[in-house]
Amino acid sequence: MNGRFLTIAGRIWLGAILVFLYAPILIMALMSFNASPFYQLPFEFSTRWYQALGANAEIREAALRSVLIALVTTTIATVLGTAASIALFRYEFPGKQALRILLFPPIAIPWLITGTAMLIFFFGIGMGRGTPAVIIGHVALALPYVIVVVSARLATFDATLEDAARALGAGPWMVTRRVTLPWIAPGIIAGALFAFAVSFDQFVVSYFLSEPGDATLPVLIYTAIRKGFTPEINAVSTIIIVVSMLVMLIAARYSKFGGER
Amino acid sequence: MSAALAPRDRLRLLGLLTPAYLWLTVAIFLPLSAMLFFSLLSDVPFGDAPWHVTADNYLAFFQTTTYAKLLWKSIKLGLMVTLACVLVGYPCAYVLAKTIRGRAREALFLLVILPFWSNSLVRIFSWAIVLRGNGVLEVGLNAILPFEVDVNLMFSTPAIVIGLVHSYLPYVILTSYLALQAIDDSLIDAARSMGAGKLTILRRIVLPLSLPGLVAGAVLVFVPVVGSFMEPRILGGRVGTYYGTVIEDQFVAVFNWPLGAALSFILLAVVLLILAVTSPVLRRAQA
């Protein structure tokens, strides 16, 4: 076979996949600017759906709730995750490997299972559904991502720097604050952005844990879609996708998703 | 190397680790245990109704064929989606890792996996806009083609498969790309200089060396697809009854939590089985 032909075929393949990945998102975004409530073509530009969003208190509240939950989740998960990463990096102790393996269940078990299990447990201990339950769940899902990303950054850290600082008389807190943390800061930022994305985009666990009148944005959208959808949902969906893609683009500046750097 | 942690270091270690793992215990491991307990109950233990420990919920799975059939339907869906992701994603990862260089590769790689980090619900919804009758796909095709076509894929199995492939394709591309990138090009050059053809190189060098990454991607696709419920609901409509949607119903519609817990645990068993079977290959991916 001709090598040139294969190269071109490969490029076309890659291009086709990019079209497949982005076309529906772009079409959805485009339709949010279409005046017809029934997605009728030809296209007629209008911002009426975005105006409708502004007037929709339910969606506004859900959006605010989603952002708040994501911010709280990010803060807790980043602090706890960074602390755990430093411990796993700095100390040798029995059971370390087991602790690393324990990070996988939140990622590897389908969210349907963890979500329903949390629902049962939170009812069992009398806490029930609601925003605190959602936050507890989100932090657990985000923690492993933070630990993996921060640990990856720590792997590039020269531990002798800590020894040097200690030899010069720095205490453990000083070593952490002045030597370790500055070095792993890009990893922490990337981990925090991942945590934000995990929480902000989380649907399954929020769905089982949020109170009916107390829904997060994705849960509200899911309920709305099942009732029959309107371009208003396109508008809010477009905003969501722009926000989460921006967050990930910023994260990509700090972490290469496990790739080279 | 376990012995020599000074007491003070041990305290610091505990202080750093305990919060994170305590959180995981409360939010993941205790709930899973609670669910196991629930799956063995005759009724929810909250109200006044009497309840006792029973294996009935698991027996329900085996006595009627309904649940087993749905589980099989979900597994078939998982296999279909995984196969499609592998066939589409692996060549794409190869093109990215081995034929494109420099900044273009970085940018394209980012572009491919970026959608994966955006909201999956929203992306499924976007397919509903495209696939519905008189939707963008139909109108678009009819504008291009000289004859009328009728494409209403909405509420069908193909729609579910398309949506799920769209959701999980970046996983396979990501893991395969990382594995392919790690293959030393001089290995391929050496094989070529010794007269190996393109297919031989692919079969004897590239594929075996990148297999762990490919399998990892396949597992990451298969596991969530078997447990999916939102995608079949939105894109499948009436044909969208799967094992996952039945579990969802037990918790949000029928309120038979013990049965839902038992069905969830059977799903978990399937997931663990898949992970166990593939773990020898996956362990190579970590090394």
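Lettering of chains follows the sequences in order, A, B, ..., and the numbering in each one begins at 1. Note that the structure is a prediction, hence the values are computed from the model and not measured.
Note: A:Tyr207 and A:Tyr222 meet the aromatic proximity criterion, with ring centroids under 6.0 Å apart. In this structure, the ring of B:Tyr177 has its center no less than 6.0 angstrom from the ring center of B:Tyr171. Between B:Trp257 and A:Phe123, the gap from one ring centroid to the other is short of 6.0 Å.
Both the backbone and the side chain of B:Val223 come within contact range of chain A, judged by heavy atoms closer than 4.5 Å. Both the backbone and the side chain of B:Val112 come within contact range of chain A, each with at least one heavy atom under 4.5 Å from a heavy atom of that chain. Contact of B:Val88 with chain A is made through backbone and side chain together, with heavy-atom distances under 4.5 Å. In this structure, the portions of B:Ile162 lying under 4.5 Å from any heavy atom of chain A include both its backbone and its side chain. Using a 4.5 Å cut-off between heavy atoms, B:Ile234 touches chain A through its side chain atoms alone. Only the side chain of B:Phe29 comes within contact range of chain A, judged by heavy atoms closer than 4.5 Å. Within the 4.5 angstrom heavy-atom criterion, no atom of B:Val226 approaches chain A. When heavy atoms are compared at a cutoff of 4.5 Å, B:Val95 approaches chain A solely by way of its side chain, counted from C-beta outward. Of the two parts of B:Leu169, only the side chain, counted from C-beta on, holds a non-hydrogen atom closer than 4.5 Å to a non-hydrogen atom of chain A. The parts of B:Leu32 that come within reach of chain A are both its backbone and its side chain, each placing non-hydrogen atoms under 4.5 angstrom from that chain.
Annotation: maximal heavy-atom pairing with chain B below 4.5 Å, among A:Ile86, A:Thr114, A:Leu102, A:Ile76, occurs at A:Leu102. Your options are A:Ile109, A:Ile17, A:Leu14, A:Leu99, and the one with the most heavy-atom pairs under 4.5 Å with chain B is A:Leu99.
Applying the 6.0 Å contact sphere to CZ of B:Arg8 captures no more than 12 heavy atoms from other residues, nucleotides or ligands.
Between B:Arg123 and A:Asp201 there is no salt bridge, since no side-chain N of the basic residue sits under 4.0 Å from a carboxylate O of the acidic one.
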